[in-house]
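Notes follow the structure.
First the proteins, then the strands, lettered A, B, ... as listed; each starts at 1.
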Amino acid sequence: MDLKEIEKKWQARWEKAKLHGFDRKSDAPKQYILEMFSYPSGAKLHVGHWYNYGPTDSYARFKRMQGYNVFQPMGFDAFGLPAENYAIKTGIHPKDSTEKNIATMENQLKAMGAMFDWSAEIKTCEEDYYRWTQWMFLKLFEKGLAYRKEAPVNWCPSCNTVLANEQVVEGRCERCSTVVVRKDLTQWFFKITEYAEELLSGLDGLDWPEKTKNMQRNWIGRSTGCEIEFATEQGEKFRVFTTRCDTVFGVTYVVLAPEHPLARKLTTPEQAEAVEAYIEYASKSNEIERLSSTREKTGVFTGSYAVNPVNGKRVPIWLADYVLASYGTGAVMAVPAHDERDYAFAMKYGLPIEKVIEKLGGETQLPFTEDGIMTGSLEFDGLVGEEARDAVATYISKLGKGGKKVNYRLRDWLVSRQRYWGAPIPVIHCPTCGIVPVPEESLPVKLPYDVEFRPDGKSPLAKCEKFMNTACPKCGGAAQRDPDTLDTFVCSSWYYLRYADPKNVRAPFEREAVDRLLPVDTYVGGAEHACMHLLYARFFTKALRDMGYLDFDEPFKRLVHQGVILGPDGNRMSKSHGNIVSPDDYVNEYGADAFRLYLMFGFSYTEGGPWNDDGIKAVARFLERVEKIVLKADEYRTKRDEPYGAAEKALDYARNFAIQRVTKDLEAFSFNTAVARLMEFVNALYKYDGLENKNASLMKAACKDLILLMGPFTPHFADELWEQTGGKGFVLEHKFPTEDPTALVLDEKEYAVQVNSKIVCKAMIPTSATNDEVQSLALSLPEVVEKTAGKSVKKCVVVPGRLVNLIVG
RNA sequence: GCGGACGUGGCGGAAUAGGCAGACGCGUUGGACUUAGAAUCCAAUGGGCAACCGUGCAAGUUCAAGUCUUGUCGUCCGCACCA
């Protein structure tokens with residue numbers, strides 16, 4: 001059959017029958033199956049899209065055939081840097097190029113034959129969506145979860161914008177790989193740190209890849225320790241954070257980050273010049289230099305001293321950029337004897353080193369950073385590890401100088417971007433009232449079309465007077481809008497909620513609608529979002545829950561990452577490698593069904609791998625084999641007395657085994673083995689068909705099951721065969737076959753027969769045989785007799801249905 | 001440096017819960033059909049003439065190890081001065 005022709009035909013019929021949408025009236029159990037929505041930066045779908053969406057759609061179809069009311073929406077993550085950068089390069093307005101790309105991609109997605117519910121489509125760059133993105137911002141602001149502050153931020157000099165921590169990879173911009181520099185800017189942040197603890201603990205209950213959960217755990221970076229207050233001789237106080245308060249008696253100096261608020265205050269006149277020079281030096285270094293752990297440590301003495309609260313010792317206060325202003329308190333106590341960094345620093349600057357921990361049963365070599373016995377620590381001497389830290393922390397809190405403290409590595413999420421193509425931040429800056437949120441009823445703050453978006457280091461919107469000049473909603477006086485736009489990750493942090501109620505004009509969604517459809521049952525997308533989108537979306541869900549807009553804790557119950565399809569040369573597909581495989585070429589030649597089926601069969605879904613032409617030919621051949629046998633069986637005439645013997649039993653076994661395993665494999669996203677089971681089933685059909693005297697009814701019934709089993713994998717092909725063999729309605733409307741357990745019970749099974757753990761022969765043994773019977777049967781086999789001659793059986797292990805092992809000697 | 005994952009035929013990849021390693025497919029070889037090729041069908045296909053040997057390497061636990069334990073080498077990924 002001509003797969004391309006039938007695809008068009010069936011797509012039209014499906015659409016006419018409104019076969020694919022979510023049934024909002026049905027009371028069947030729901031399944032919300034979601035693929036990460038598309039980013040329309042390129043004009044066409046690439047292999048990665050197909051790999052994400054094709055197999056997942058097969059899973060969705062499978063669930064639908066199992067009787068679930070499946071919701072599988074699709075949309076476009078349409079705002080963002082790539083579209084804008086493309087615009088800068090070509091002069092084509094991002095709105096125009098994005099809309100054009102979306103139109104193309106919509107057509108291609110439909111050609112894929114996926115059962116997306118297009119009635120729920122979302123485009124984040126449209127007013128009726130970003131209006132509610134802005135609303136989210138206002139709600140977070142009201143709740144104190146959005147705030148503006150001046151802080152050292154990551155600035156990409158090429159993209160001309162600030163970036164979130166999560167978007168800086170090894171000191172470089174995630175998008176363009178330019179080395180990021182630090183700038184002090186006043187920016188909007190979301191207080192994701194408020195949820196650090198729950199974002200961490202919530203991971204335990206999620207059916208997500210362990211690796212992804214661990215990445216989030218590391219990113220959140222919970223660390224338990226102790227805060228300790230040091231007083232300076234000038235009467236200032238500051239706190240340090242340490243995870244090793246059992247070493248506090250070994251403090252020989254303290255270090256503040258160069259950006260620490262007390263840095264200049266504590267500097268003595270004699271040191272002022274050196275300190276100024278150092279602060280200047282530290283502020284100039286970029287992220288890469290600063291983060292490198294191999295870089296030699298630098299620092300400067302402030303000239304001042306602080307007092308160690310536990311022993312009254314006077315220790316010098318230094319500044320050094322190996323202490324980060326943004327973590328803990330921005331200050332640390334230095335114990336060179338028991339910390340590698342402090343040790344290196346002390347060696348370089350000739351600071352004293354004092355050992356206060358002894359290795360248990362061994363010689364203590366400095367720096368000694370493991371747990372050990374406290375020494376030189378007054379009444380704490382002799383305590384070890386956790387117990388020691390507990391005692392010291394308790395003592396410190398009794399002194400009123402601090403106590404136990406939990407810190408997180410996670411920082412607040414910086415959401416302002418000095419870019420054009422995004423949702424404007426709905427805030428007005430009034431000279432008399434200060435920051436005034438745009439009233440809800442005035443949303444959306446529309447993104448103007450006529451804007452000079454070529455970058456010059458300022459927000460493009462700042463140059464658009466029509467946009468900027470407005471009246472203060474509070475006092476009515478002349479005021480200015482915020483010239484920045486929101487990070488695109490804000491748009492994608494709640495889209496899965498909007499799908500549930502996509503046309504709502506009164507609210508982003510009704511609580512009832514999201515509570516019914518969510519959480520997402522299975523979410524499928526790339527692993528690169530582990531610490532960005534997937535973390536932000538969890539934060540949004542929790543914040544919205546606490547504001548009373550929804551009633552669940554986690555947005556995505558189960559998460560699956562598809563692997564990456566590489567170019568035929570084993571490298572990532574890219575223009576520079578010249579190894580891009582175009583799905584269109586293959587779809588045109590073999591059809592969407594064959595292409596999807598190959599993506600499922602040729603790779604381990606979560607692994608991916610290099611593209612290979614031969615595989616798709618093999619899959620096309622398989623479809624031809626299916627068509628041939630099914631149509632042939634359809635011609636057979638059923639008789640009154642059809643044979644039913646061993647051959648029939650074997651075929652029925654193959655059929656039910658396939659049903660059982662395909663069901664299991666699909667559930668587990670193990671598409672390659674599921675297809676392998678289908679192939680085995682087809683091989684069994686051919687084998688049976690080669691016999692003289694056939695049971696036509698059984699053949700027909702088996703082929704009917706085959707078509708239904710194929711339904712999720714190759715939807716057009718299956719419907720065509722279904723129709724050609726007289727089936728009613730669409731395959732999708734039928735129940736996915738369930739296995740008949742009695743057909744899977746065999747009278748006898750092949751055992752591997754071992755003597756002293758080595759395989760001697762195979763033997764068919766009745767399923768009903770007891771272990772003793774299996775043993776004596778095995779002993780009677782000629783091969784066994786030969787190997788055991790003159791020896792006695794010392795032990796016999798029987799694994800029912802599989803193996804018997806005779807230990808003789 | 002820290003953390004995690006993975007090393008299986010010529011190739012992509014299978015092997016619940018420790019139980020016949022290599023499912024399924026590609027490729028290869030031989031055969032059938034054909035004037036010929038393509039396509040299709042049938043058969044064989046981890047290595048070795050064999051005894052045997054084989055899941056990166058070396059040990060260990062076990063009647064039995066791709067699977068568990070320890071060490072080691074290699075590849076990939078994540079984090080990386082987080083006190």
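- Between A/S223 and B/rA83 there is a side-chain N or O to OP1 or OP2 distance below 4.0 Å.
- Listed nucleotides B/rA83, B/rU16, B/rG19 differ in distance to A/L803; the shortest reach to its side chain belongs to B/rG19.
- Taking the ring axis of A/W50 as reference, the NZ or CZ atom of A/R596 does not stay both within 45° of it and closer than 6.0 Å to the ring centre.
- A side-chain contact (heavy atoms from CB on, under 4.5 Å) with A/S377 is found for exactly one of A/D246, A/V356, A/T247, A/V248, namely A/V356.
- Taking a cutoff of 4.0 Å between a charged side-chain nitrogen and a carboxylate oxygen, A/K404 and A/D390 qualify as a salt bridge.
- Residue A/K617 contributes atom NZ, which lies 18 Å from atom P of B/rG12 at whole-angstrom precision.
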query = Where each pair must be Watson-Crick or G-U wobble with both distances under 3.5 Å, what dot-bracket representation of RNA chain B is obtained, with crossing pairs in [ ] and other-strand partners as |?
reply = (((((((..(((......[....)))((((((.......))))))((....))..(((((..]....))))))))))))....
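- Base orientation of B/rG31: anti (glycosidic angle beyond 90° from 0).
- Note on A/R222 versus A/E197: salt bridge recorded, some NZ/NE/NH1/NH2 to OD/OE distance being below 4.0 Å.
- Taking only side-chain nitrogens and oxygens, A/R409 comes nearer than 4.0 Å to OP1 or OP2 of B/rA80.
- B/rU8 and B/rG3 are spaced 26 Å apart, taking the C1' atom of each and rounding to whole Å.
- Between B/rC26, B/rG12, B/rA23, one nucleotide has an atom nearer to the side chain of A/F601 than all others, and that is B/rG12.
- OP1 or OP2 of B/rA83 sits under 4.0 Å from a side-chain N or O of A/Y327.
- A donor-acceptor pair is defined here as one N or O able to donate and one able to accept, closer than 3.5 Å; no such pair exists between the side chain of A/K237 and the backbone of A/E229.
- In this model, a side-chain donor or acceptor of A/K297 finds a partner on the base of B/rC81 within 3.5 Å.
- Using a 4.0 Å heavy-atom cutoff across all strands shown, A/N672 reaches sugar-phosphate atoms only and no base atom.
- As a whole-Å value, the separation of A/R625 CZ from B/rG25 P is 8 Å.
- Note on A/E635 versus A/K632: no salt bridge recorded, every NZ/NE/NH1/NH2 to OD/OE distance being 4.0 Å or above.
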